[in-house]
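Input: a single structure, listed below in structure tokens.
Everything numeric here is computed off the predicted structure, so don't read it as measured data. Keep in mind that the numbers below use all heavy atoms, side chains included, and drop hydrogens, waters and symmetry copies.
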Amino acid sequence: MDENSFIQLEEESIMALDDKLDGMKDQVTGKVKDVAGKVTGDHKTEAEGMAEELMGKTEEKWEVVKDNASQMPIMTSIIVAAAVAAVTTAVLVHHKKN
């Protein structure tokens, strides 16, 4: 891996972490608004808080999905390699028996 690829990966990791932190911040802010709305009887603030908390959870889960999707090519390669190894082993065992 060359230096530019490494730098790009680091930048992507930092951006992903920043997005996850934004999602967590929205969850906390939303929870505070939700509780404040419940305590004061302000249904609008309560609803805004619930929506913001849900948005934060969605942002955080979206980052997990993106992280998993970025790993798919690697996982596919590993699965193919394992399948090739299994077939090779089966062929070798079969030839030893004969």
Problem set entry | Connected-component partners of Met50 among ILVMFWY, side-chain separation under 4.5 Å |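 Cluster partners of Met50: none, it stands alone.
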Set of residues satisfying side chain to side chain contact (heavy atoms under 4.5 Å, CB included) with respect to [X], sequence neighbours excluded:
{"X": "Leu17", "result": "Leu21"}
{"X": "Lys25", "result": "Asp22, Thr29"}
{"X": "Thr89", "result": "Val93"}
{"X": "Thr58", "result": "Leu54"}

Any residue meeting side-chain hydrogen bond (donor to acceptor under 3.5 Å, both in side chains) with [X], in chain and number order, not counting sequence neighbours:
{"X": "Glu60", "value": "Gln27"}
{"X": "Glu63", "value": "Lys66"}
{"X": "Glu53", "value": "none"}

For this session: For the residue pair Asp19 and Glu59, establish whether any side-chain heavy-atom pair is separated by less than 4.5 Å.
Result: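 They are not in side-chain contact.
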Exercise. For Glu52, what residues pass the salt bridge (charged side-chain N to carboxylate O under 4.0 Å, His left out) criterion, not counting sequence neighbours?
Worked result: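 Result, salt bridge (charged side-chain N to carboxylate O under 4.0 Å, His left out) vs Glu52: Lys33.
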Name the atoms and distances for all side-chain donor-acceptor pairs under 3.5 Å in residues 34-44, with sequence neighbours left out.
from  : atom 1 : to    : atom 2 : distance (Å)
Thr40 : OG1    : Ala36 : O      : 2.8
Thr40 : OG1    : Asp42 : N      : 3.4
Asp42 : OD1    : Lys44 : N      : 3.2
Asp42 : OD1    : Thr45 : N      : 3.3
Asp42 : OD2    : Thr45 : OG1    : 2.7

